[in-house]
2 protein chains.
Amino acid sequence: MGSLQAVNEPTVLTPYRDEHLTLDFNRQHVTLDTDRLTLTRKEYELLALLVEHAGEIIPRETLLMRVWGYGGDIRTRTLDVHIRRLRKKLGGYADQYIETIFGIGYRFQPWRAPRFLPTQTSRPAMAWGA
Amino acid sequence: MGSLQAVNEPTVLTPYRDEHLTLDFNRQHVTLDTDRLTLTRKEYELLALLVEHAGEIIPRETLLMRVWGYGGDIRTRTLDVHIRRLRKKLGGYADQYIETIFGIGYRFQPWRAPRFLPTQTSRPAMAWGA
DNA sequence: GCCGGGTTGTAAAAAAGATGTAAAAACGCC
DNA sequence: GGCGTTTTTACATCTTTTTTACAACCCGGC
C-alpha cells in the first residue's frame, strides 16, 4: 500500500502570532510563550473565533451562535464560564488579550507593549493621587 | 490521468525503529525490546497506521475508516478495545506510545526520553491561575 | 454620591459525553 | 465442534460542558 491519504486536511490558513501567543488554525495548536496550551474543543473554538477577528468586538449572541449553535435568546452562562477558563489558561496576559465589552460581548486584542503602567480601561483614577 | 505507475508496486517501506520498538511494514513484524510481538491482524493494522503517522493525531473516524472500512458515524467500541489490547501488549511503554486525544482520536508518539515533566495527560489545570 | 436593575465574574455542583475495562457473544476458519 | 479473533455489551471511570447560585461590577437616573 502506498502512502495513505492525507490524514489531516491540507488547509492553509495563516497562523496568528504575536509577542506571546500563537494560534495555528490548521493544526489547532496554541502556544503561550514557550508552553503549548491544551485547550478543550469549546475553549479552542471560542479562542479561535475571537483571535480570527482580533480587534473586533464580537457580540455574545454571535459567539453563542458560532461556537454553540445557539440561536435566539437562550439564557445560559456557559459563554462566561468558557471565557473564564480561557483567561485562566492565558495567565497574566488574560486581561490584555480578552476584553469584556459590557452589555455587548468580548474582544480579543493583539499583544501590545504595556502602556505607561496601569491597564487603563477608562479609569485615570487616583493612581498617583495622594 | 496521471502517470502509468504500477498499480501494485512492491513498495519497500522503511521500517520504523526507535529505542524500544520496531515495526517492519513489509514483513509485518513488530518487536518490543527483545521480544517479538505477536499481533492479530486488526491489532497490527491499527498499530501500523498509527506508527506510519507517528506524531500525528488520527481521528477515531479515520481509524475506523481505514482499518475497519466503517464510514459515516457508526457507533462501536471495537476501536477502544483494540487500542486497549495494543496497549496491553506494549506493556509499560503503552502510555508513552499510544496517546489518547480526548474527543478526537489517538496518536502514536515515538519513544523519547522522559520530558522534564510528563506530557500533561490532559490536566493543565490552573498551572498559572493564581 | 447613592440606588437599583441588569450584566458579568466566579466557584462549585450537576449533567453530559467519551474512553477504559472485563466479560460475554458472535464470527470465521480448520 | 473447537479455537482464536473480533465485536458487542454493560458498566466504571474520567473529561468536558453546562447549570446553579451568588458575588462583584457597570451604568444610568435621581
Item to complete: Mind checking A:Ile74 for me? I need base, sugar-phosphate or nothing, with any heavy atom below 4.0 Å counting as a touch.
Response: nothing

Worksheet item: When rounded to the nearest 0.5 angstrom, what distance separates CD in B:Glu43 from NZ in B:Lys88?
Response: 11.0 Å

Fill in: Side-chain ion pair, B:Asp80 and B:Arg60, N-O less than 4.0 Å
yes

Worksheet item: How does protein reach along nucleotides 18-25 of chain D, written 5' to 3' as B (base within reach of a heavy atom under 4.0 Å), S (only sugar-phosphate), or - (no contact)?
Response: BBBB----

Worksheet item: What's the CG-C1' distance between B:Leu64 and C:dA18, to the nearest Å?
Response: 14 Å

Fill in: Heavy-atom closest pair, residues B:Asp24 and B:Pro15
CA-CB, 4.1 Å

Practice prompt. Evaluate the ring planes of A:Tyr93 and A:Trp111, with Trp represented by its six-membered ring, and classify them as parallel (under 30°), tilted (30 to 60°) or perpendicular (over 60°).
Written response: perpendicular

Worksheet item: If only side-chain N and O atoms of A:Thr100 are considered, is one of them under 4.0 Å from the OP1 or OP2 phosphate oxygen of C:dT7?
Response: no

Discussion item. Can you measure B:Ile104 atom CD1 to C:dT19 atom C1' for me and round it to whole angstrom units?
Written reply: 14 Å

Worksheet item: Looking only at side-chain N and O atoms, does B:Thr40 come under 4.0 Å of OP1 or OP2 in D:dT6?
Response: yes

Fill in: Straight-line distance of A:Glu19 CD to A:Gln96 CD, nearest 0.5 Å
11.0 Å

Worksheet item: What integer distance in Å separates B:Glu43:CD from D:dT6:P?
Response: 6 Å

Worksheet item: Starting at CG of A:Asp80 and ending at P of D:dC26, how long is that distance when rounded to a whole Å?
Response: 15 Å

Discussion item. So, does A:Arg60 get its side chain near the phosphate of C:dT8, meaning an N or O under 4.0 Å from OP1 or OP2?
Written reply: yes

Item to complete: Measure the distance from CD1 on A:Ile101 to P on D:dC27 and round it to the nearest whole Å.
Response: 10 Å

Item to complete: Return the value, rounded to whole Å, for the distance between atom CZ of A:Arg41 and atom P of C:dT19.
Response: 9 Å

Item to complete: Let me know the distance between NZ of B:Lys88 and P of C:dG20, rounded to the nearest Å.
Response: 14 Å

Worksheet item: Between A:Leu86 (CG) and C:dG9 (P), how many Å, whole number?
Response: 12 Å

Discussion item. Could you check whether any side-chain heavy atom of A:Trp68 comes within less than 4.5 Å of a side-chain heavy atom of A:Lys42, counting everything from C-beta outward?
Written reply: yes

Worksheet item: Given the rule that I, L, V, M, F, W and Y join up when any side-chain heavy atoms are under 4.5 Å apart, are A:Ile74 and A:Tyr106 in one cluster?
Response: yes

Discussion item. Does C:dG20 have OP1 or OP2 under 4.0 Å away from a side-chain N or O of B:Tyr106?
Written reply: yes

